[in-house]
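See below for the structure under consideration.
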Amino acid sequence: MQVSTQSAVAQALGSGIASTHQLTGGSINNAFAVRLDDQREVFVKTNPGSDPRMFPTEALGLAWLNNAKAIRVPKVLAVSNSSNSSPAFLALEFITSASPASDFAEQLGHGLARLHASGADGYGLDHNNFIGTLAQDNATCATWAEFYGVRRIEPQVRLAVDRGVAPTTWTQTFGSLLTRLPDLVGSEEPPARLHGDLWTGNLHTDDNGSPCIIDPAAYGGHREIDLAMLRLFGTPSERFDRAYNEVLPLAAGASDRVPLYQVYPLLVHANLFGGHYVSAAEQALAHYA
Ligand code: ADP
């Protein structure tokens with residue numbers, strides 16, 4: 001960790017730093033286990049090149065999810081300021097991992113459903129944030145179909161075309177999806193409190209063997225998008241599905257909408273990482289051709 005970041009972290013936490021140990025597993029930032037002089041072990045993320053608002057908005061998202069008291073979320077200990085040029089960092093309580101408890105799937109299903117049910121003020125949020133390093137516009141919309149189209153799919157398609165990640169034909173092909181969204185998104189539901197970037201890498205196991213969700217891109221939206229993200233790189237167990245439905249049953253047709261709700265995370269992945277995610281986004285779209 002850069003010396004200037006170490007000083008900023010030490011000052012914010014009120015203790016010198018005894019040692020730092022770099023962790024793997026993240027896709028965007030540098031992550032460290034940090035031992036403080038006062039013996040506390042904390043988790044610190046840094047990114048010298050990041051937008052200064054990235055970590056402050058992640059901290060707000062973590063706190064918002066934590067307020068639901070539905071599923072474990074790391075507590076925020078300190079965060080850098082978005083309004084000055086001091087080193088960007090986010091310090092969280094350190095989550096020590098253990099093997100998953102025998103009822104991990106049930107805890108996750110119940111906890112995620114309770115998180116979603118705790119709701120949001122609208123489709124969107126009172127501030128913009130980031131998914132990975134990409135900006136998320138959270139200005140609220142009257143309907144979920146409008147929000148998913150105008151605030152989620154459209155900006156990522158524009159970015160992909162502008163950056164040359166995707167062909168210009170995307171403007172037309174994804175544009176036609178946008179006009180049909182009101183018929184595709186499923187029945188209108190109250191806005192759910194979403195993690196917003198719930199791929200399996202952001203799902204951890206804490207020292208009790210219970211689920212802990214990290215690295216959110218939180219906002220109010222349709223809960224099926226969190227569930228579709230969880231299916232992007234794996235298949236949650238039937239026990240998880242059952243537990244989720246015990247608390248907050250899914251609407252009819254939810255499984256048919258999984259590809260629709262994977263379009264946004266795949267577009268994000270295409271813009272962050274390129275490669276096969278570009279064709280994966282097209283394949284998800286093809287379900288609705
Ligand atoms: P990125 O923003 O780069 O995706 P993450 O927030 O996913 O970074 O964190 C990177 C890695 O650090 C995770 O995969 C996880 O192994 C570990 N990690 C994240 N948060 C904590 C925490 N609070 N306590 C312990 N380890 C953590």
Side-chain angles (χ1 to χ4, degrees), residues 1-2 5 9 12-13 15 17-36 39-67 70-80 82 87-100 104 108 111 115 128-136 194-219 226 229-230 232-234 264-275 277:
M1 191 186 300
Q2 289 182 349
T5 314
V9 170
L13 295 177
S15 172
I17 290 180
S19 64
T20 65
H21 167 68
Q22 187 146 12
L23 302 171
T24 54
S27 44
I28 305 288
N29 302 295
N30 300 316
F32 300 89
V34 174
R35 174 72 63 185
L36 300 175
Q39 293 308 310
R40 279 181 290 164
E41 187 177 33
V42 300
F43 171 80
V44 177
K45 282 210 292 201
T46 70
N47 189 334
S50 67
D51 186 309
R53 293 164 301 177
M54 190 172 81
F55 289 136
T57 55
E58 183 173 336
L60 288 174
L62 286 163
W64 188 54
L65 299 183
N66 219 343
N67 281 344
I71 187 166
R72 186 155 185 200
V73 180
K75 289 190 191 63
V76 177
L77 303 176
V79 64
S80 50
S82 62
F89 73 88
L90 175 62
L92 306 176
E93 70 170 317
F94 193 90
I95 305 294
T96 306
S97 285
S99 311
F104 183 90
L108 180 61
L115 177 72
N128 297 333
N129 54 16
F130 297 83
I131 182 160
T133 49
L134 303 177
Q136 276 201 147
L194 298 183
H195 175 282
D197 192 8
L198 197 57
W199 68 289
T200 39
N202 285 339
L203 174 61
H204 278 249
T205 309
D206 74 7
D207 50 343
N208 294 317
S210 297
C212 175
I213 52 176
I214 64 167
D215 201 15
Y219 61 100
D226 261 0
M229 273 199 203
L230 210 45
L232 208 49
F233 305 114
Y264 176 62
L266 287 170
L267 290 171
V268 167
H269 275 72
N271 278 318
L272 286 173
F273 310 116
Y277 292 116

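The residues of the chain are indexed from 1 along the displayed sequence. Ligands are counted one by one from 1 in listed order, and the atoms in each one are counted from 1 as well.
- Here the side chain of Gln136 pairs a donor or acceptor atom with the backbone of Ala217 at under 3.5 angstrom.
- Within the 3.5 Å criterion, the main-chain N or O of Gly196 finds a donor-acceptor partner in the side chain of Asp226.
- Protein heavy atom at the shortest distance from atom 16 (O) of ligand 1 is His204 CE1, 3.2 Å.
- For His195 (side chain) and Ile214 (main-chain N/O), a donor-acceptor pair under 3.5 Å exists by modelled atom type.
- If you check which protein heavy atom lies closest to atom 24 (N) of ligand 1, you get Ile95 N, 2.8 Å.
- Of the protein's non-hydrogen atoms, Asp215 OD2, 2.9 Å is the one closest to atom 4 (O) of ligand 1.
- In this structure, CG on Asp206 lies 12.0 Å from CD1 on Ile213, to the nearest 0.5 angstrom.
- Nearest to atom 2 (O) of ligand 1 among the protein's heavy atoms is Asn29 ND2, 2.7 Å.
- Atoms OG1 and CG, from Thr57 and Leu62 in turn, are 10.0 Å apart once rounded to the nearest 0.5 Å.
- Looking at Thr96 against ligand 1, nothing comes within 4.0 Å, counting heavy atoms.
- When non-hydrogen atoms are compared, ligand 1 lies under 4.0 Å from the backbone of Glu93 (N, CA, C, O) but not from its side chain.
- Ring pair Trp199/His269 is perpendicular by interplanar angle, where above 60° counts as perpendicular and below 30° as parallel.
- Here the side chain of Asn47 pairs a donor or acceptor atom with the backbone of Gly49 at under 3.5 angstrom.
- Where the criterion is an N or O separation shorter than 3.5 Å, residue side chain and backbone included, Ile214 fails it with respect to ligand 1.
- Scanning the protein for heavy atoms near atom 6 (O) of ligand 1, the closest one is Lys45 NZ, 2.8 Å.
- In terms of protein heavy atoms, atom 12 (O) of ligand 1 is closest to Phe43 CE1, 3.3 Å.
- Residue contact check: Asn202 has heavy atoms under 4.0 Å from atoms 7 (O) of ligand 1.
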